[in-house]
Amino acid sequence: MNEIILLKLGELVLKGLNRRTFEEKLMSNARRRLHSYGSFQVTTKQSITYVEPQSDDCDMDGAFEAMKRVFGAVGVCRCRACAKDKEVMLTTIREFLAPQLAAAGTFKVECKRSDKAFPLNSIQLAQYLGGELDDLYPHLTADMHHPDLTVYVEVRDDAAFVHGNTEPGAGGLPVGMGGRAVSLLSGGIDSPVASWMMAKRGLCLEMVHFFSYPYTSEEAKQKVLDLAKILTPWTGRLVVHVVPFTAIQEELRRSCPEELFTILMRRFMMRISAEVARRTGAGCLVTGESLGQVASQTMEAMQCTGAVTSLPVFRPVVGMDKEEIIRISRRIDTFETSILPYEDCCTVFTPKHPKLRPTVAECEAAEEKLDVDAMVKDAADHIERIHISVE
Ligand code: ATP
Ligand code: MG
């Protein structure tokens with residue numbers, strides 16, 4: 001157990017009196033994510049969360065990768081523990097950071113001493129270690145401002161800890177800090193990215209998927225569950241609420257003007273999602289809509305879909321180009337699954353000429369002959385809930 005993982009906390013440390021709540025949330029999220037890698041102790045001191053293995057059989061590689069996906073940490077690094085002796089520290093630096101020391105051209109040493117009984121103060125220790133490293137590695141030059149490698153040494157009560165540059169963490173805010181949201185997850189590229197972006201801002205997600213069997217296949221549903229699974233290292237475990245949507249689509253096709261089909265269908269999606277929000281205690285909806293991408297994503301269409309609920313609707317990719325959305329989807333590994341060629345319920349019965357600028361009045365007129373509340377309730381009452389655990 002001579003290695004630990006450090007999480008450097010991001011903007012959450014700025015949250016004043018809420019800071020402790022943020023830290024607690026980050027720690028409990030980290031603890032849950034660590035379960036499958038062994039037994040760890042997680043504590044926070046001065047904007048740093050310490051993840052310490054409690055036995056030798058902990059999977060440190062797995063734990064490190066998992067910690068890079070915990071929202072709230074801006075940086076993550078592995079760190080080696082050693083005896084509080086300046087020569088042992090030097091040997092530890094040389095062993096543990098060998099690849100980084102070989103690759104760097106410039107370096108500096110930063111020390112922090114929380115054990116005030118240690119005979120050298122931080123500056124003296126940094127001077128000693130920096131001087132030795134400078135002598136031992138002729139290719140390295142000291143640079144206090146923009147070094148390639150910063151060697152960190154922290155002298156704590158129990159041991160000294162050595163680490164090199166920090167790797168980027170997931171950023172954002174701990175999942176759960178912002179409350180609960182219902183996210184509409186299709187099998188496409190945009191909605192997994194939108195979900196990920198809102199989880200990053202601290203929302204705990206309930207996923208809703210509209211399923212139109214037999215017009216869309218079991219494979220299409222499985223693809224959505226696979227996408228949810230890919231998101232779980234960031235979001236934590238998820239419930240996918242699979243809504244039977246066929247009856248509503250068939251009813252709309254039977255009784256409504258074709259040019260309004262898509263927008264009316266999307267109004268039902270929003271109503272049912274709002275009902276799921278009510279039942280799960282969620283306070284907002286999330287969609288992957290992007291302005292102007294398709295007919296149902298014009299400003300007017302969004303007014304029509306937003307009009308059926310008083311909940312805020314977050315559309316984090318609304319101002320992004322497809323290329324920008326794809327870049328994120330590649331980074332979070334959803335892209336390859338998103339492009340698998342299965343039908344989505346949105347492509348079933350798509351009108352040839354959907355109305356680009358529908359009005360709320362038109363939608364309401366078209367819906368007059370429908371028993372909207374009963375249709376929503378019936379769909380919501382027949383939801384299949386699928387639990388997705390973290391990978
Ligand atoms: P995506 O790549 O997310 O599928 P898209 O460009 O295909 O987006 P649409 O199909 O018009 O866009 O859907 C817009 C948004 O509506 C989606 O991002 C998603 O939030 C929601 N949505 C669409 N179809 C479904 C579905 N079958 N189940 C749940 N939500 C859906
Ligand atoms: Mg879609």
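Order of appearance sets the numbers: ligands from 1, and atoms from 1 within every ligand. Computed from heavy atoms alone, side chains included, the values below leave out hydrogens, waters and symmetry copies.
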Trainee: Cation-pi check for Phe335 against Lys322: NZ or CZ below 6.0 Å from the six-membered ring centre and within 45 degrees of the axis, yes or no?
Mentor: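 Judged by the rule, Lys322 and Phe335 form no cation-pi pair.
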
Trainee: Can a donor-acceptor pair be found, under 3.5 Å and without considering hydrogens, that links the side chain of Ser191 to the backbone of Gly187?
Mentor: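 Not confirmed, Ser191 side chain does not pair with Gly187 backbone.
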
Trainee: Counting each atom of ligand 1 from 1 as listed, which ones have a heavy atom of Val208 under 4.0 Å away?
Mentor: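 Those atoms are 29 (C).
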
Trainee: Measuring from atom 5 (P) of ligand 1, which candidate in Thr262, Asp190, Val242 has the nearest non-hydrogen atom?
Mentor: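 Ranked by closest heavy atom to atom 5 (P) of ligand 1, first place is Asp190.
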
Trainee: Atoms of ligand 1 less than 4.0 Å from Met269 heavy atoms?
Mentor: 24 (N), 25 (C)

Trainee: Can a cation-pi geometry be assigned to Lys221 and Phe211, taking NZ or CZ under 6.0 Å from the six-membered ring centre and within 45° of the ring axis?
Mentor: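 Relative to the ring axis of Phe211, which defines the angle, Lys221 lies inside both limits.
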
Trainee: Find all atoms of ligand 1 within a distance of less than 4.0 Å from any non-hydrogen atom belonging to Leu185, and give their numbers and elements.
Mentor: 28 (N), 29 (C), 30 (N)

Trainee: For Leu184, take its heavy atoms, then give the atoms of ligand 1 lying under 4.0 Å from any of them.
Mentor: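 Under 4.0 Å from Leu184, ligand 1 has these atoms: 19 (C), 20 (O), 21 (C), 29 (C), 30 (N).
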
Trainee: Is the terminal nitrogen or CZ of Arg19 (NZ for Lys, CZ for Arg) located under 6.0 angstrom from the six-membered ring centre of Phe22 and within 45° of that ring's axis?
Mentor: no

Trainee: Taking atom 12 (O) of ligand 1 as the point of reference, which of Arg315, Gln297, His241 owns the nearest heavy atom?
Mentor: Gln297

Trainee: Using a 4.0 Å cut-off to any heavy atom of Thr287, which atoms of ligand 1 qualify?
Mentor: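 Here the atoms of ligand 1 in question are 20 (O).
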
Trainee: Check Glu323 with Arg330, please: is the shortest side-chain N to carboxylate O separation under 4.0 Å?
Mentor: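 Result for this pair is no, no salt bridge flagged.
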
Trainee: Below 3.5 Å, N or O to N or O, backbone or side chain included: is there any such pair between Pro192 and ligand 1?
Mentor: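 No, there is no polar N/O contact under 3.5 Å.
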
Trainee: Within the 4.0 Å heavy-atom shell around Ile189, which atoms of ligand 1 are there?
Mentor: 1 (P), 2 (O)

Trainee: Tell me whether Glu300 at atom CD has more than 12 heavy atoms from other residues, nucleotides or ligands lying less than 6.0 Å away.
Mentor: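 Yes, because the 6.0 Å sphere around CD of Glu300 holds more than 12 heavy atoms from other groups.
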
Trainee: How is the hydrophobic cluster of Leu136 composed, in terms of its other members, when Ile, Leu, Val, Met, Phe, Trp and Tyr link through side-chain heavy atoms under 4.5 Å apart, directly or indirectly?
Mentor: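 So far as hydrophobic clustering goes, Leu136 is joined with Met89, Leu90, Ile93, Phe96, Leu97, Leu101, Phe107, Val109, Phe118, Leu120, Leu125, Tyr128, Leu129, Leu133, Tyr137, Leu140, Leu149, Val151, Val153, Val155, Val162.
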
Trainee: So, is Ser191 polar-close to ligand 1, with some N/O to N/O distance under 3.5 Å?
Mentor: yes

Trainee: Which is closest to atom 16 (O) of ligand 1 in terms of heavy atoms, Arg266, Met270, Glu289?
Mentor: Arg266

Trainee: For ligand 1, is there an N or O atom under 3.5 Å from any N or O atom of Phe210?
Mentor: yes

Trainee: Under 3.5 Å between some N or O of ligand 1 and some N or O of Gly288?
Mentor: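 Min N/O separation from ligand 1 is below 3.5 Å for Gly288.
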
Trainee: Just which atoms of ligand 1 are under 4.0 Å from any heavy atom in Gln293?
Mentor: 5 (P), 6 (O)

Trainee: With Phe40, which residues qualify under ring-ring contact (aromatic ring centres under 6.0 Å, His included), at least two apart?
Mentor: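 Counting only residues at least two positions away or on another chain, Phe40 forms no ring-ring contact (aromatic ring centres under 6.0 Å, His included).
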
Trainee: Test salt bridge (charged side-chain N to carboxylate O under 4.0 Å, His left out) on Arg327 and Glu324; report intermediate values, then the result.
Mentor: CA-CA 5 Å; Arg327 214 174 304 139; Glu324 296 172 295; 5.5 Å; no

